[in-house]
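Nothing here was measured: the structure is a model prediction, and the numbers come from that model. One is the number of the first residue; the rest follow in order along the sequence.
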Amino acid sequence: AAIAPQPAFAAHTLTPGNHAPEMVNKDDEIHSEHHDMAVDIWGLGYMIEHAEVDIPVSHFADLQKLQIATLQDDPNCRPSAVHCLEVLRALQLRPTSTEKDVQKID
C-alpha cells in the first residue's frame, strides 16, 4: 500500500474537472506536488460518475449519495476510505432489483 502524501504525476496530466480541486489551482493552473487520501476519495467519486455501467434501481440512491459525498470540493468534507468501502460492500451484498429499469449516475 502507498503511503500518503504521494508525489503528483507530471503537471501536464492535471486538469480542472478531472482531478480533485486541491490538485489544480484553477486561477493559474498551478499543480500540487503532493496529494493525500482525500484526492483518492475524490477519484472514486469521479469513477462512479463517469462509469459506463447501468445501475440497478435498488442501488442507485446509495451509490449516488456516495458519489456526491466523494466529490465535495473541500477535502475535509469527503468521507473516509473506510466509509466508502463499507457503503460499497453493503451494496455488493444487497440483492439487485429485478426491475428492468436501470439508471445512470450523471
Side-chain angles (χ1 to χ4, degrees):
I3 298 173
Q6 292 288 313
F9 291 114
H12 69 280
T13 65
L14 301 177
T15 55
N18 65 0
H19 285 82
E22 62 270 26
M23 294 296 292
V24 180
N25 180 330
K26 292 179 180 137
D27 294 332
D28 51 14
E29 295 194 16
I30 295 173
H31 306 283
S32 172
E33 293 296 321
H34 292 89
H35 77 266
D36 59 13
M37 186 68 68
V39 171
D40 296 331
I41 298 301
W42 190 94
L44 172 63
Y46 182 85
M47 288 190 309
I48 293 170
E49 182 177 49
H50 294 279
E52 295 284 330
V53 297
D54 292 327
I55 308 298
V57 172
S58 58
H59 292 57
F60 182 81
D62 288 333
L63 196 56
Q64 185 178 44
K65 223 161 86 172
L66 179 63
Q67 179 240 335
I68 290 167
T70 58
L71 291 177
Q72 294 296 312
D73 284 341
D74 182 349
N76 296 315
C77 293
R78 296 179 200 143
S80 68
V82 170
H83 174 77
C84 294
L85 184 59
E86 288 170 352
V87 170
L88 293 172
R89 282 186 175 157
L91 287 171
Q92 184 180 27
L93 296 173
R94 181 183 300 163
T96 304
S97 65
T98 57
E99 298 175 45
K100 299 279 186 195
D101 188 23
V102 292
Q103 301 180 31
K104 291 194 183 250
I105 296 180
D106 296 323

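- When hydrophobic side chains of Ile, Leu, Val, Met, Phe, Trp and Tyr are connected at separations under 4.5 Å, L71 ends up clustered with W42, Y46.
- Q67 contributes atom CD, which lies 12.0 Å from atom CE of M47 (distance to the nearest 0.5 angstrom).
- Among residue pairs with one or both ends in residues 61-72, those qualifying as salt bridge (Lys or Arg N to Asp or Glu O under 4.0 Å) are D62-R94; sequence neighbours excluded.
- Note that the OG1 atom of T70 and the CD1 atom of I48 stand 5.0 Å from one another [nearest 0.5 Å].
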Can you list, pair by pair, the side-chain donor-acceptor contacts under 3.5 Å of residues 75-88, counting residues two or more places apart and other chains?
residue: R78; atom: NE; partner: Q72; partner atom: O; Å: 2.8
residue: R78; atom: NH1; partner: E22; partner atom: OE2; Å: 2.7
residue: R78; atom: NH1; partner: A38; partner atom: O; Å: 2.8
residue: R78; atom: NH2; partner: E22; partner atom: OE1; Å: 2.8
residue: R78; atom: NH2; partner: Q72; partner atom: O; Å: 3.0
residue: R78; atom: NH2; partner: D73; partner atom: O; Å: 3.3
residue: S80; atom: OG; partner: H83; partner atom: N; Å: 3.0

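- As a member of the Ile/Leu/Val/Met/Phe/Trp/Tyr network built from side-chain separations under 4.5 Å, I68 groups with nothing else and remains a singleton.
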